[in-house]
Number of protein chains: 2
Amino acid sequence: MPELSDQRRYAEDAAVVLSGLGLPPAYGKLLGWLLICDPPGQTSAQLSAALGLSKGSVSTGMRMLESSGLARRVPVPGHRGHAYEVRPDAVIRIAADASKFRVFRELMERGLKVVGGDDAPGTERLRMMRDFYAFIEDEMPRLVERFEAEYGAKGDHDG
Amino acid sequence: MPELSDQRRYAEDAAVVLSGLGLPPAYGKLLGWLLICDPPGQTSAQLSAALGLSKGSVSTGMRMLESSGLARRVPVPGHRGHAYEVRPDAVIRIAADASKFRVFRELMERGLKVVGGDDAPGTERLRMMRDFYAFIEDEMPRLVERFEAEYGAKGDHDG
DNA sequence: TCGTGTGTTCAGAACTTACTGAACATTCGA
DNA sequence: TCGAATGTTCAGTAAGTTCTGAACACACGA
């Protein structure tokens, strides 16, 4: 281990956290780095050098970050390619992403079909769980709105 | 593939969903099966036979489910060992588990230390994200309470 | 106390996944 | 249109994870 900078170490730590959620380490490294790097926009070459990842890994990883809406490309004047930066609302997107809840709700829904009728032992619990996930799915956007209102009022920020 | 029953297939599907969150397939299979099986309490031997898992895998997997509070042991009269069943509030525990949010908040907190001062490019965004996670962490228990109140009122359920 | 039915642990095998590196594609400036 | 810089894809490999199976530990009834 050749003496990691604080920033680089931060990217590594982010990778550990994201791995825990089932995402590839390279994905977490890239996101972590983009959260704290200066300048905020980084080219593939910069990312590759900073994180010790191959061009291929950077390409694939940034593609994932883009398609999940966490990063975007920005043009670089006088440069052939583009740079990447995290979107301002990136982490809100992670949390507010309802698809995670939807998947669970659907699983409960399917469970109800399989469990074997209205008086099967698991029916009541499955109904409750289904309703719970539907509830959260519904309320999450509202919660985000409330946060934005409160936070905007407190500090007065642009998008 | 020797003709899976609907129930068994359901367990397999649950495994896929849980794998997506970074959990071992055996863990998901066990949870999925316990959600829909009849009787609701199952011994190790039953689980092993139903899911085609070794005794070892059942032991390890159920240990995980227990320690994350999703399943519990129940005594079986006239039987040497015990049975396992999912806890009634299992899935609420998954969702309401604040530790996931805390980990992210701490990551943002650490980012602020690394990003390089108050006017570094990422500072503002990191602050917002930190506050956002703190907000969710705070509100999640309240949301669960609201669900329980609404749900209890609607259907009148015991624990 | 012993025997039997259960539960646990862990080394190793089997499998899965992520990363690299090189070939290929693309884009832009001249 | 060409050349150079950048981006993408993918086969192969390295690394990591999960599952099994067998040895071991434990608890209960007789």
Side-chain angles (χ1 to χ4, degrees), chain A residues 1 8 11-34 39 41-68 71-85, chain B residues 1 4 8 11-34 41-68 71-85:
Chain A
M1 280 278 166
R8 172 66 192 277
E12 297 295 328
D13 291 349
V16 171
V17 171
L18 277 283
S19 291
L21 275 78
L23 296 161
Y27 184 100
K29 279 194 211 186
L30 288 163
L31 182 58
W33 180 262
L34 286 172
Q42 301 259 308
T43 64
S44 284
Q46 288 176 309
L47 291 168
S48 185
L51 297 169
L53 291 171
S54 71
K55 258 197 329 171
S57 293
V58 171
S59 176
T60 310
M62 287 312 304
R63 216 90 130 43
M64 283 194 271
L65 284 170
E66 266 189 289
S67 71
S68 51
R72 65 182 172 198
R73 292 165 194 234
V74 291
V76 178
H79 185 271
R80 190 62 61 85
H82 49 258
Y84 296 100
E85 63 175 28
Chain B
M1 279 280 165
L4 260 42
R8 173 66 192 278
E12 297 295 330
D13 291 349
V16 171
V17 171
L18 276 283
S19 292
L21 276 77
L23 296 161
Y27 185 100
K29 279 193 210 185
L30 288 163
L31 182 58
W33 180 261
L34 286 172
Q42 301 261 308
T43 64
S44 285
Q46 286 175 310
L47 291 168
S48 185
L51 298 169
L53 291 171
S54 70
K55 260 201 322 174
S57 294
V58 171
S59 176
T60 309
M62 287 312 304
R63 216 91 132 45
M64 283 194 272
L65 284 171
E66 265 188 290
S67 71
S68 52
R72 65 182 172 199
R73 291 165 194 236
V74 291
V76 178
H79 186 270
R80 191 64 60 84
H82 48 257
Y84 296 98
E85 65 175 27

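Chain A is the first sequence line, chain B the second, and so forth, proteins listed ahead of strands; every chain is numbered from 1.
- Contacts of Gly81(B) with the nucleic acid, taken as non-hydrogen atoms under 4.0 Å apart, involve only primed sugar atoms and P, OP1 or OP2.
- Taking both residues in full, the closest heavy atoms of Trp33(A) and Gln42(A) are given as NE1-OE1, 3.0 Å, listed atom of the first, atom of the second, then distance.
- Following rounding to the nearest Å, Leu53(A) (CG) and dA15(D) (C1') show an atom-to-atom distance of 15 Å.
- Within the 4.0 angstrom heavy-atom criterion, only backbone atoms of the sugar-phosphate kind lie near Ala26(B); the bases stay farther away.
- Candidate nucleotides dC19(D), dG7(D), dA27(D) were compared by shortest atom distance to the side chain of Lys55(A), and dG7(D) ranks first.
- Contact record, Val58(B) with Leu30(B): O-CD1, 4.2 Å, taken as the closest heavy-atom pair.
- Axis orientation changes by 30° from one end of the helix from dT1(C)-dA30(D) to dA30(C)-dT1(D) to the other, with each end axis drawn from 5 pairs and the value rounded to 10°.
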- Query: Could you walk me through whether Glu66(B) and Arg72(B) pass the salt bridge (Lys or Arg N to Asp or Glu O under 4.0 Å) check?
  - Reply: CA-CA 6 Å; Glu66(B) 265 188 290; Arg72(B) 65 182 172 199; over 6 Å; no
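- Residue-level contact check: Gly52(B) touches the backbone only, with heavy atoms under 4.0 Å from sugar-phosphate atoms and none from bases.
- The shortest distance between side-chain heavy atoms of Thr43(A) and Arg80(A) does not fall below 4.5 Å.
- Across the protein-nucleic acid pair, Leu23(B) atom CG and dC19(D) atom P stand 11 Å apart, rounded to whole Å.
- Looking only at side-chain heavy atoms (C-beta outward), Ser44(B) and Tyr84(B) come within less than 4.5 Å of each other.
- Residues Pro24(A) and Met64(A) approach most closely at CG-CE, 3.9 Å, considering heavy atoms.
- Mapping Arg80(A) and Ser54(A) onto DNA chain C by nearest heavy atom places Ser54(A) at the nucleotide closer to the 5' end.
- The nearest whole Å value for the distance from the CD atom in Gln42(A) to the P atom in dG7(D) is 13 Å.
- The CD-C1' distance, from Gln46(A) to dA5(D), rounds to 15 Å in whole Å.
- Within the structure, every side-chain polar atom (N or O) of His82(A) is placed at least 4.0 Å from both OP1 and OP2 of dT6(D).
- The distance between atom NE2 of His79(B) and atom C1' of dA27(D), rounded to the nearest whole Å, is 13 Å.
- A residue-by-residue look at Ser59(B) and Pro24(A) shows that Ser59(B) has its nearest nucleotide of DNA chain C further toward the 5' end.
- Taking all atoms of both residues into account, the shortest heavy-atom contact from Ala14(B) to Gly32(B) is CB-CA, 3.6 Å.
- Scanning DNA chain C 5' to 3' for nucleotides with an atom closer than 4.0 angstrom to a non-hydrogen atom of chain B gives a first and last hit of dT4(C) to dT9(C).
- Ser44(A) comes within contact range of the sugar-phosphate backbone alone, with a heavy-atom separation under 4.0 Å but no base atom that close.
- Nearest heavy-atom pair, Gly41(A) versus Glu85(A), reported as atom, atom and distance to 0.1 Å: CA-CB, 4.2 Å.
- Interatomic distance, Leu31(A) CG to Leu23(A) CG, rounded to the nearest 0.5 Å: 9.5 Å.
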